[in-house]
Visitor: 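After the structure tokens below, expect a handful of questions from me.
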Amino acid sequence: MRRGRIHPMLKRYFCIINESRARHTVGLEIKYINEKINDLTRSLQTYGIQSTTALGESSTSRTEKVQQLRRSYPHVAEEDIICLDEDVKAVVDHLVNETKNCRVVSIWGMGGLGKTTLAKMIYNHNDVRHHFDCFAWAYISQQCKTREVLEEILIKLISPKSQKERKKIEKLKLDELAERLHRVQSDKKCLVILDDIWEGEVWDRLSPGFPNTKTAVASKILLTTRKKEVAFYVDQQCFLHELRLLTEEESWELFQKKASLRGEESSLSTEMTVLGKDMVKHCGGLPLAIVVLGGLLATKHTLGEWEKVSRNVDYLRKGKGQGGVPVTSVLELSYHDLPYHLKACFLCLSDLPEDEGIRPIKLIQRWIAEGFVSLPIRARVGEVENETMLDVGMSYLDELCQRCMIQVGQLTRLSGRVKFYRLHDLVRDLCLLKAREENFIRVVLMGEDSAAASSYSSSSSTIRRLGVYGMANRNVGDSRRRGYVKPLRIDETCNLHHVRSCQFYFFGNRLEDSDWLYVKSIIKVFKLLTFLDLEKTKFTVKTKILPKAIGNLIHLRYLSTRDSDIDGLPPSIGNLRFLETLDLRNNWYATTIPNVLWRLEELRHLYLPKRIDGRHGPFRVKLRLDGLSNLETLEGFTTKTCDVRSFSTLTNLRKLRISVALKNLAVILESPSFCNSNRLLRYSSFSIGGDFQTQEEQSLLRQVLGFRHLHKLELYGSLTELPDTFPPNLTHLKLPELKEVAMPTLEKLPNLRSLTLNCWELKEMVYSAGGFPRLIDLELTLGPWTVCEWRVEQGAMPSLLQLKIFNVHSWKGIPDGLRFVTTLQKLEIWGGSQKLKDRLREGGEDFSKIQHVHSITIDGEGLPHA
């Protein structure tokens, strides 16, 4: 009987368990459905499916909060410029005409009209370049840092030739800095451009560094501003140049240029032309709005796509503010048209400070760390060989640039590649708006306790990303008024455990000890971090080794201490098994690195510091990198502190920068990365120290020169004979002392941009016509007692911008052919005699050969321009 009773009881218990399990399963499904509904709701907001009234309200709100948040670079030429010739002529006339007696010229207009573009054209105008002796361009943001601006202007005006001189300037007190800047502008004809000045108060802080009309009429100031009263606040007698909106014809011309895909001529049907002109009217003649709309339609190729955009533009037009131009609406339309994967990538830019450039590789690595980049199916199944996540991320960046969501900010001088991107002011306004709507990023002030933090602590659980502003002087009142920088207290009890990304932005001098504790608390509390950026952070504490708790961030994908004064990593760094990017680059401090990096099996990109502390354990062994079979980028590797045997396991390298002793070169060249069958390596840079004397050593050099992926080569020591072949992709070349240089071989290199030659024993150099077609920088070191005859034929070095010559004591003189190198902008001569200086001065025997060169210095002393 008991057994009969037990059986039903057990059966009942099993039924209860199964019922509980079923309820749990149903509960999970309900939770999943609710999450999907929430995701769909957010997607509706992301794609802009909302009422006209709501859209209008957000547009009005954005108009009230518009900020000029951009960084300008005078040497980067703007494309597709129209209708500014008369503006340039008017402003240039007031700058160079001495009879005008005009000290300040102001360019005034609303955001997006092209004030900075016009200022760039004036800055680079030939008449302006010949009229003034010195030039400086300073970007003045809403958070104007007075000392940094004055220091930047002074450095540009006097062009210090050594790091020591720069250090002297940096050590000047603020009043001494202003006094010296004032004196320079009083003694020389200087043009200083202050781009984007917002408040008269800013000028009050800068004005001690500028002479007034009575003391220096020759020096001029050109400023751009959105506020008319600011222009007259700087100088009541200033010449005010107001930029106008474009006419319908001019707007259509600009639109056609931007809407032509990749610059190709596009033939529009009659229907598309009518639609296009109607859409352009909604831009109100504002160049920025037209450029963004053109960038949007550059990706649309059918009438149906244009009709869809046209309907949306009309829809957005109804929500514009009274009497306003629908710029933000057009920008918002461009945002809504972004593919889903690019929206998150774009919103990642919302924590950028106003004067921060966007480094492309760093941005892409952040996208990868946060999971915004994924390999396409064609790459995963092997249809596309050797495509990496970095390649895919670069395609994302190119698409954002093509759609005019980001703009090229600065190009590298030698390679011409993009060094920095930037956000236009109104585009960044849109980015901030969307980031707030999506609660995508919270920007906070480092380490400042505030009761205000509790006012939004209830929503802190939704924070996924932090942009932390570290400001030494805590002078962020203006930022706080704009509402996107708030103090936030971080400790073990705060409810911020969901944070996945934390990026620091450093301002000022060194931060306080409490700020270092703040950083340590972030590392201790935010255990789900995938992205941690400590770039440029500097603290007053003596010991700045990352805390042991860094090893608990097992989800971390990206870690950077680049250019910070963090001087060491703990051994626990080896626990970060999912780390993909480790950036330790630093030119100033020796960094202690424990010998555990070989354990980071998922590492893709490793950037080592210039100086590595060699204490890698009790026996001072070299740093091991074996086991990093997934490594794609390796920079800063040196055989002095790193184990050269690690190369046998680095089978996935794409980019390599290495400094190697000649005795270790053979081991590296035998590694799989350099075998003939390997097609992965795309870029390599070698710095090799040693004397290439024997046949075996010469053979190793020829093997290096046989790599098509070799872009940069520096040789130190001695070289008995120069090889007769070089790789076609070589862009940088530095050669040691040579008795003979095979100039006909070198000058045929199609991509060579930088050449450094040690010509101590050369008797003759001949640069023939058509030679060195893309050379930009040339540096020659002559022998102090050797007379070297240098001939430059007409047509040689047609792209040369900078020429440096050392040890010219016995030099015969400037080559006559330099008169034909019309691109040359800067000439530096060191070790020159007084006789040579006299020959180069205006009226001198050699002056006609170099009179077209803007900047000429001999032993650090500048020669006045003609």
Visitor: How long is the straight-line distance from CG of N586 back to CD1 of I566, given to the nearest 0.5 Å?
Guide: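 Going from CD1 on I566 over to CG on N586, the span is 9.5 Å.
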Visitor: Please give me the minimum heavy-atom distance between L466 and D351, naming the atom from each residue.
Guide: O-OD2, 4.5 Å
Visitor: Which atoms form the tightest heavy-atom contact between F346 and M405, and what is the distance?
Guide: CZ-CE, 3.6 Å
Visitor: Could you tell me whether a side-chain N or O of K419 sits under 3.5 Å from a main-chain N or O of G409, the two making a donor and an acceptor?
Guide: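 The answer is no, because no donor-acceptor pair under 3.5 Å joins these two groups.
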Visitor: For Y421, give me all partners under ring-ring contact (aromatic ring centres under 6.0 Å, His included), at least two apart in sequence or on another chain.
Guide: none
Visitor: Tell me, with the steps shown, if V468 and V519 meet side chain to side chain contact (heavy atoms under 4.5 Å, CB included).
Guide: CA-CA 10 Å; V468 181; V519 172; over 6 Å; no
Visitor: Is the side chain of N630 donor-acceptor paired with the backbone N or O of E601 at a distance under 3.5 Å, no angle test?
Guide: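 Yes; at least one donor-acceptor contact below 3.5 Å.
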Visitor: List the atom of V596, the atom of G574, and the distance in Å for their closest heavy-atom pair.
Guide: CG2-N, 3.7 Å
Visitor: Any side-chain donor paired with an acceptor under 3.5 Å for H605 and T581?
Guide: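 No.
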Visitor: Does one side chain, of D195 or T224, offer a donor that lies under 3.5 Å from an acceptor on the other?
Guide: yes
Visitor: Would you verify whether the NZ or CZ of K156 falls within 45 degrees of the ring axis of F135 while also being under 6.0 Å from that six-membered ring's centre?
Guide: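 Here K156 fails the 6.0 Å and 45° test against F135.
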Visitor: Are L608 and I593 side-chain neighbours, meaning at least one heavy-atom pair lies under 4.5 Å?
Guide: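 Of all side-chain heavy-atom pairs linking I593 with L608, at least one is under 4.5 Å.
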Visitor: As a quick check of understanding, evaluate salt bridge (charged side-chain N to carboxylate O under 4.0 Å, His left out) for E635 and R657, giving each step before the final call.
Guide: CA-CA 5 Å; E635 294 191 16; R657 293 181 185 271; 3.6 Å; yes
Visitor: If you define the side chain from C-beta out and look only at heavy atoms, does anything of E438 sit under 4.5 Å from K343?
Guide: no
Visitor: Sub-3.5 Å donor-acceptor pair from the side chain of S646 to the main-chain atoms of L625, do we have one?
Guide: yes
Visitor: Could you give the distance from NE2 (H555) to CG (L576), rounded to the nearest 0.5 Å?
Guide: 11.0 Å
Visitor: For S501 and R366, which heavy atoms make the closest approach, and how far apart are they?
Guide: OG-NH2, 3.6 Å
Visitor: Among Q365, K362, R562, which residue meets the side chain to side chain donor-acceptor pair (under 3.5 Å) test with D533?
Guide: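 With D533 as partner, side chain to side chain donor-acceptor pair (under 3.5 Å) holds for just one option, K362.
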Visitor: By the definition ring pair (Phe, Tyr, Trp, His ring centres under 6.0 Å), identify the one residue from Y607, F578, F531, W367 that meets it with Y558.
Guide: F531
Visitor: Could you go through the side-chain hydrogen bond (donor to acceptor under 3.5 Å, both in side chains) check for S684 and H709 one step at a time?
Guide: CA-CA 6 Å; S684 62; H709 50 72; 2.8 Å; yes
Visitor: Salt-bridge test for D391 and R654: reply yes if a basic N is under 4.0 Å from a carboxylate O, no otherwise.
Guide: no
Visitor: Find out whether I441 and L347 are in side-chain contact, i.e. whether some heavy atom of one side chain is under 4.5 Å from a heavy atom of the other.
Guide: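 Result no, sub-4.5 Å side-chain heavy-atom pair not found.
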Visitor: Contact between L597 and L582 at the side-chain level, heavy atoms closer than 4.5 Å - yes or no?
Guide: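 Counting from C-beta outward, L597 and L582 do come under 4.5 Å.
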Visitor: Checking side chain to side chain contact (heavy atoms under 4.5 Å, CB included) for the pair E580/E632: CA distance, chi angles, key distance, verdict?
Guide: CA-CA 10 Å; E580 296 175 349; E632 297 174 10; over 6 Å; no
Visitor: Out of curiosity, K734 NZ to S687 OG, how far, rounded to the nearest 0.5 Å?
Guide: 8.0 Å
Visitor: Just verifying a value: how many Å separate L634 CG and L653 CG, rounded to the nearest 0.5 Å?
Guide: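 Interatomic distance, L634 CG to L653 CG, rounded to 0.5 Å: 6.0 Å.
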Visitor: So which heavy atom on P547 is nearest to which on P570, and how close?
Guide: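 Minimum heavy-atom contact is O-CG, 3.5 Å.
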Visitor: Go through Q407 and R422 one step at a time and tell me if the side chain to side chain contact (heavy atoms under 4.5 Å, CB included) criterion holds.
Guide: CA-CA 5 Å; Q407 298 176 334; R422 67 178 178 88; 3.0 Å; yes
Visitor: Do S564 and L534 come close enough that some side-chain heavy atom pair is under 4.5 Å?
Guide: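 Answer no - side chains too far apart.
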Visitor: Report the C-alpha distance between T591 and K610 in whole Å, list the side-chain angles of each, state the deciding distance to 0.1 Å, and finish with yes or no for side chain to side chain contact (heavy atoms under 4.5 Å, CB included).
Guide: CA-CA 9 Å; T591 305; K610 188 173 184 179; over 6 Å; no
Visitor: For residues L349 and L363, determine if any side-chain heavy atom of one lies less than 4.5 Å from a side-chain heavy atom of the other.
Guide: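 When only atoms from C-beta onward are counted, L363 and L349 do touch, with a gap below 4.5 Å.
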Visitor: Judged by modelled atom types alone, do R708 and N729 share a side-chain donor-acceptor pair under 3.5 Å?
Guide: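 No donor-acceptor contact under 3.5 Å links the two side chains.
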Visitor: Give, for atom OG1 of T530 and atom CG of L579, the distance between the pair rounded to the nearest 0.5 Å.
Guide: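 Result: 11.0 Å between the selected atoms.
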Visitor: Does a sphere of radius 6.0 Å around CZ in R577 hold more than 12 heavy atoms from other residues, nucleotides or ligands, not counting ones at 6.0 Å or beyond?
Guide: yes
Visitor: Determine whether V499 and L529 make a side-chain contact, defined as any pair of heavy atoms from C-beta on separated by less than 4.5 Å.
Guide: yes
Visitor: Which atoms form the tightest heavy-atom contact between M389 and I364, and what is the distance?
Guide: O-CG2, 4.5 Å
Visitor: Under 3.5 Å, is there a donor-acceptor pair between the side chain of S350 and the main chain of K434?
Guide: no
Visitor: Between F647 and F637, is any pair of side-chain heavy atoms under 4.5 Å apart?
Guide: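 Counting from C-beta outward, F647 and F637 do come under 4.5 Å.
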Visitor: To the nearest 0.5 Å, what is the distance between CD1 (I193) and CD1 (I140)?
Guide: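 It is 11.5 Å, given to the nearest 0.5 Å.
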